[in-house]
There are 2 protein chains.
Amino acid sequence: MDSDRPRRPTLDTVASAVGVSRATVSNAYNRPDQLSASLRTRILETARSLGYAGPDPVARSLATRRNAAVGLMLPQGLSVAFTDPSLSIVLDGLASTVDGHDHCLVLMPGNDTGGPRPETVSRAQADVVVAYSLPDSAPALSAVSARGLPLVVIDQPVISGTARVEVDDSGGARLAASHLLALGHSRFGILTFALHPDGYRGPVSCSRRASIPFRVSRDRLTGYLDALENGGVAAENVPVWEASGSGRELGREGARWMLTRTPRPSALLCASDQLAFGALQAARDLGLSVPGDVSVVGFDDVPEASVSDPPLTTVRQPLAEKGRLAGQLALKLLAGARPPRATRLDVSLISRASCAPSK
Amino acid sequence: MDSDRPRRPTLDTVASAVGVSRATVSNAYNRPDQLSASLRTRILETARSLGYAGPDPVARSLATRRNAAVGLMLPQGLSVAFTDPSLSIVLDGLASTVDGHDHCLVLMPGNDTGGPRPETVSRAQADVVVAYSLPDSAPALSAVSARGLPLVVIDQPVISGTARVEVDDSGGARLAASHLLALGHSRFGILTFALHPDGYRGPVSCSRRASIPFRVSRDRLTGYLDALENGGVAAENVPVWEASGSGRELGREGARWMLTRTPRPSALLCASDQLAFGALQAARDLGLSVPGDVSVVGFDDVPEASVSDPPLTTVRQPLAEKGRLAGQLALKLLAGARPPRATRLDVSLISRASCAPSK
DNA sequence: CAGCATGACTGAAGCGCTTCAGTAGATCCA
DNA sequence: TGGATCTACTGAAGCGCTTCAGTCATGCTG
């Protein structure tokens, strides 16, 4: 307020105000043991009175070559992403791990191409990146490796040199399908979320079932179909509906289609709990009883599954754990560790009231 | 493992490989018009072949003194935050605006104190910060001003020198309450989300109604009560339940309490649609018909409100617009604009099937 | 009291990039 | 032909901080 410009104070400002070297002021903030306690308080007080808010994070990052930030790449825009409770839970595990270690989370929302733009990636101030369920060979992935940043992938296929945490999706799907087979069902319908990053929603043709870039969708779908084949149900006879996302309304739409077909399926396999909740609603809309007229299985076991009407039979995966683990891996890579072999988390079938024996 | 890692190439590496100055390489990336097209491609190709992924974002930020990142401060951890669809929508508006202008979003999740830790704030590499519905006088807010960063607040009280976007919460609440009064109701119950950042949930005592630090909760609550007083219903006779957040389950719990009181309210005013959905569920649990036995009004008008069972009468606020506006304001502040006066968005009552005349 | 740790602080070399005032040569116009 | 104007590129000064090899008193040991 007195000099030429209201330039923000820097380390130098403080240093010369106190009459010490810049290094000492830096130490006051970063290595309290390197100077006497009295000098330190003097420095900190002067800093406060000058309106110096501590070392500039960017300059610090440049000097230390560390950002204290982990980037998160999402397959879609944020609203789509956050409407999905299973993602929220994973994210929360990730964020709290990362925040607990004084690291920030930098969001890189995806767009239509199934992931963040490469430029977004190359401008992001992060020193490790977590990719959540991107389609195979998303451009964002190569952008990360071009920058030489360590990468943790969640729910993705193998990319060499990266850490990975995943879940046994096809095993879980088989669990679900086998459960329904054991209950005597023989007319099935499958509700899945996006198989391709093109926004399509509707019945799934054969050609569309080939070369699915989203690993999770692919594994769950093939898990269902494999188990059904083993149970004597031919894949051709199983209608599949692809929703463009995992929203409840999308599930409702798909289930409506499914439940108004002839013959009507007696059991619905849903690739997520959200889709299953939508299916529950669709059944209600049509005056069908669950599980009286139709059985429904979900996937994820989000908290609401235990209190829905009826409570949902579903495949549990440890969502929070997944996020936490990804966060820990990211921090380890940051500390210089080599990427460990993939961690695979277990799934299990949680049987509730949305399934009943076939009549 | 820390040994001779091949140092990443820098601008210098590329410059001397091509045989030009560093400035020219920089221009190749940032000001294509400053050099001949042929030289530019030669530089870019050499860069690629050297494995140079473009200017380092941190160094660039230091030199330009801009981060191309906006920070977002949230009142709570991410899962709580993202479970709330209204927040998701706001966030999406914000994120897409910001991403569309090549800016990243840096997340600063809150903790128990009702906002991010001050250290998180002072280390964040953002050059403008958006605060979403923090409690009055959260420490994070002073941390922002200590750093001299421009600030945009959403749903907050006035903080001088900041931009602000808000909604007429008390007006909306009055709309909702007046609607029910007009339908002849006289026994009310109010379901609100957190009034204080202490995790409490349960009935709200008088002392707790004083000095509520969350502006939104405060305005909606007083809006309801004002309108009811005007309609001849004394505030003392209106039970209020405070949920610790805005989750559906929390609403269900509160509504159960409300609907099992004697006398039973004939109308429930809910501070969010999520709480209202929970109330719908609670009514169903208790075998009560909505709106036959009890009328329910929400707040927000999230997409699901139009398809719930029954469709929800609610107060609409332009959520996506709120986020978009906040993003635009942030970008403007970044461009050097002075904080404009607060933008207040309109609300309106959307009448659906969850309310009926009192019997 | 020589010899030697120890504690407290400093100087200066970066970290990788942007930017701006120049400069050298080519082009143009009269 | 002689300036004026362009075009294409360069040199060097930062941006604000960390860090590491010193320096210099001071206290401790035998």
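Protein chains get the first letters and strands the later ones, always in sequence-line order, with residue 1 at the start of each.
Of the possible polar contacts, none joining the B/N67 side chain to the B/A69 backbone as a donor-acceptor pair under 3.5 Å is found. Checking side-chain atoms of B/T64 against main-chain N and O of B/R60 turns up a donor-acceptor pair under 3.5 Å. Counting only distance, with no hydrogens or angles, the side chain of A/R147 and the backbone of A/A124 share a donor-acceptor pair below 3.5 Å.
When distances are taken from the side chain of B/A23 to each of D/dT19, D/dA12, D/dC15, the shortest belongs to D/dA12. The A/D56 side chain lies nearest to D/dG16 when the options are D/dC20, C/dT18, D/dG16. Looking at the side chain of B/S36, the nearest of the listed nucleotides C/dT19, D/dA8, D/dT18 is D/dA8. Candidate nucleotides C/dG14, C/dC9, D/dG11 were compared by shortest atom distance to the side chain of A/L39, and C/dC9 ranks first. Listed candidates were C/dT10, C/dT19, D/dC15. Nearest to the side chain of A/S21 is C/dT10. For A/T10, taking side-chain heavy atoms from C-beta onward, the closest of the listed nucleotides C/dC9, D/dC17, D/dT10 is D/dC17.
Between the CZ atom of B/R123 and the P atom of D/dC17 there is a distance of 13 Å, rounded to whole Å. At whole-Å resolution of the value, CZ in A/R65 and P in D/dT19 are 9 Å apart. Protein atom CZ of A/R22 is 11 Å distant from nucleotide atom C1' of D/dC15, rounded to whole Å. Atoms CG (A/D127) and P (C/dC15) sit 18 Å apart, rounded to a whole Å. As rounded to whole Å, 13 Å separates atom P of D/dC15 from atom CG of A/L11. Here the P atom of nucleotide D/dG16 and the CG atom of A/L50 are 15 Å apart, to the nearest Å. A straight line from CG of A/N67 to C1' of C/dC17 spans 15 Å, rounded to a whole angstrom.
Put simply, the side chain of A/V165 reaches to within 4.5 Å of the side chain of A/L329, judged on heavy atoms.
DNA chain D lies under 4.0 Å from at least one heavy atom of each of the following residues of residues 27-34 of chain A: A/N30, A/R31.
For B/T24 and B/S21, the side-chain atoms include at least one donor-acceptor pair closer than 3.5 Å.
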- [ ] Walk me through it: do A/E321 and A/L345 pass the test side chain to side chain contact (heavy atoms under 4.5 Å, CB included)?
- [x] CA-CA 9 Å; A/E321 181 65 10; A/L345 299 171; 4.1 Å; yes
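Partner A/L319 forms a side-chain contact (heavy atoms from CB on, under 4.5 Å) with one of A/V90, A/L91, A/D92, A/L87 and no other, that one being A/V90.
Close to D/dT18, at under 4.0 Å from its OP1 or OP2, lies no side-chain N or O of A/T64.
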